[in-house]
Amino acid sequence: MDQSGSSTSNLFSLQSHILSEETLHPGASGDFSWIISAISLAGKAIADRVRRARLENVLGDQGATNVQGESQQRMDVIANDILMRCLGSRASIAVLASEEDEEPTIMRRGTEGGKYCVLFDPLDGSSTLDTNGAVGTIFTILRNDPMIESAERTVCQPGRKQIAAGYILYGPSTAFVITTGSGVDLFELNPNIGSFILVKKGMRIPPTKRVYSVNEAYSSSFPDGYQEYLKWAHANYYSSRYIGSLCADVHRILINGGVFLYPPTTSHPDGKLRLLYEANPMAMIMEQAGGMSICGTTPTLDVQPKKLHERVPLVLGSSDEVKAVMRHLS
Ligand code: P6P
């Protein structure tokens with residue numbers, strides 16, 4: 001805030017940041033910047049609809065189930081449509097893939113251009129919207145391989161190949177967190193000027209924090225190692241925070257430290273969270289901020305995806321806290 005208390009003292013926007021990063025890559029064509037710009041535009045539009053969802057009576061079930069077998073929320077469909085429209089107009093995109101759609105959408109094939117694939121969960125945690133809970137858009141950007149015919153095979157790349165990843169958290173403020181492989185940056189939407197403004201560059205997650213984040217209601221069905229870890233955490237005076245909305249839980253951990261766990265359960269023996277467009281983007285954010293992320297005992301970013309919507313068990317957060325979980329898993 002400047003002396004007058006105005007919030008327009010800081011005008012370094014996401015757009016300025018991405019364009020300044022572009023100058024670091026001499027061969028850059030601007031295609032990548034255009035994609036981030038499209039995600040930023042979609043984030044602003046989704047933030048607007050989320051804020052007015054109750055007034056516009058678009059909360060609750062759509063009356064259909066998505067490919068995940070989960071009841072589709074009306075806001076899921078609205079957010080998905082906004083992202084498809086904003087990204088679909090970008091000539092550099094070959095494939096779009098969404099949690100809400102069974103198959104990837106092929107925008108351009110091989111010679112038609114399309115250097116990138118964008119995958120997203122349009123509104124993760126949307127079922128908490130009815131109670132005014134925080135929700136988020138999670139995204140990841142991969143390079144397209146025009147030689148691969150199958151769109152699903154094209155996007156099934158290990159997380160280490162992500163060229164950018166992040167999330168937009170729709171809470172009391174709208175936060176845009178992104179990494180392009182050289183650190184994690186935090187932007188906040190200034191609704192007065194309609195721009196995401198840089199508020200923290202090179203975020204670092206505290207290496208330790210005695211807070212774990214898990215849905216303990218399912219703990220009796222966790223594999224033994226996870227149950228042993230929880231017993232250890234209880235004995236070492238850990239506290240617990242669990243919002244049940246991945247972006248909100250991850251954002252708290254990115255800022256304060258701690259560890260998030262979604263182990264295998266009876267209803268989700270492979271874990272509940274999706275590898276390609278939930279676990280991988282969050283894992284890249286964690287590693288780029290000095291944290292860790294594992295699926296079982298394998299680094300999340302090393303897991304080779306087989307299917308677009310495959311699920312994985314997930315532990316991520318402060319490096320020392322993830323190591324404490326690993327000691328009980330191995
Ligand atoms: P549970 C939301 O439905 C979500 O996909 C993630 O945002 C969140 O981390 C998880 O599921 C919560 O699952 O089983 O604890 O309600």
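For ligands, and for the atoms within them, numbers begin at 1 and follow the listed sequence.
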Q: Which option out of D124, I243, L123 puts a heavy atom nearest to atom 5 (O) of ligand 1?
A: D124
Q: Rounded at 0.5 Å granularity, tell me how far CE in M75 sits from CG in L123.
A: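 Here the interatomic distance stands at 5.5 Å.
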Q: Among protein heavy atoms, which lies nearest atom 8 (C) of ligand 1, and at what distance?
A: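 Scanning the protein heavy atoms, the shortest distance from atom 8 (C) of ligand 1 goes to G244 O, 3.5 Å.
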Q: Is ligand 1 under 4.0 Å from a heavy atom in the side chain of L246, in the backbone, in both, or in neither?
A: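 The answer is both, backbone and side chain.
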Q: For T128 and T131, which I'm curious about, is there any donor-acceptor pair between the side chains at under 3.5 Å?
A: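 Side chains of T128 and T131: no pair found under 3.5 Å.
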Q: Out of all atoms in ligand 1, which are within 4.0 Å of some heavy atom of Y218? Include the element for each.
A: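 The list of qualifying atoms is 14 (O).
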Q: At what distance is the nearest protein heavy atom to atom 10 (C) of ligand 1, and which residue and atom is it?
A: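 Result for atom 10 (C) of ligand 1: K272 NZ, 4.0 Å.
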Q: State whether R252 and D249 are salt-bridged, where the test is any N-O pair (Lys NZ or Arg NE/NH1/NH2 against Asp/Glu carboxylate O) under 4.0 Å.
A: yes
Q: Check each atom of ligand 1 against the heavy atoms of Y262 and keep those under 4.0 Å away; list them by number with element.
A: 1 (P), 13 (O), 14 (O), 15 (O)
Q: Any donor and acceptor pair, going by atom type alone, linking the side chain of S37 with main-chain N or O of S33 inside 3.5 Å?
A: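 No; zero donor-acceptor contacts below 3.5 Å.
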Q: Under a 4.0 angstrom heavy-atom cut-off, which atoms of ligand 1 come close to Y242?
A: 1 (P), 12 (C), 13 (O), 15 (O)
Q: Same hydrophobic cluster for V155 and I35, using side-chain heavy-atom links shorter than 4.5 Å among ILVMFWY?
A: no
Q: Numbering the atoms of ligand 1 from 1, which are under 4.0 Å from a heavy atom of S245?
A: 7 (O)
Q: Could you establish whether S127 and ligand 1 come within less than 4.0 Å of each other, counting only heavy atoms on the residue side?
A: no
Q: For ligand 1, which atoms have a heavy atom of N215 less than 4.0 angstrom away?
A: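 So the atoms of ligand 1 that pass are 1 (P), 15 (O).
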Q: Rounded to the nearest 0.5 Å, what separation is found between the CZ atom of F187 and the NZ atom of K200?
A: 13.0 Å
Q: Using the side-chain contact (heavy atoms from CB on, under 4.5 Å) definition, which of the options L119, V118, I163 pairs with T140?
A: L119
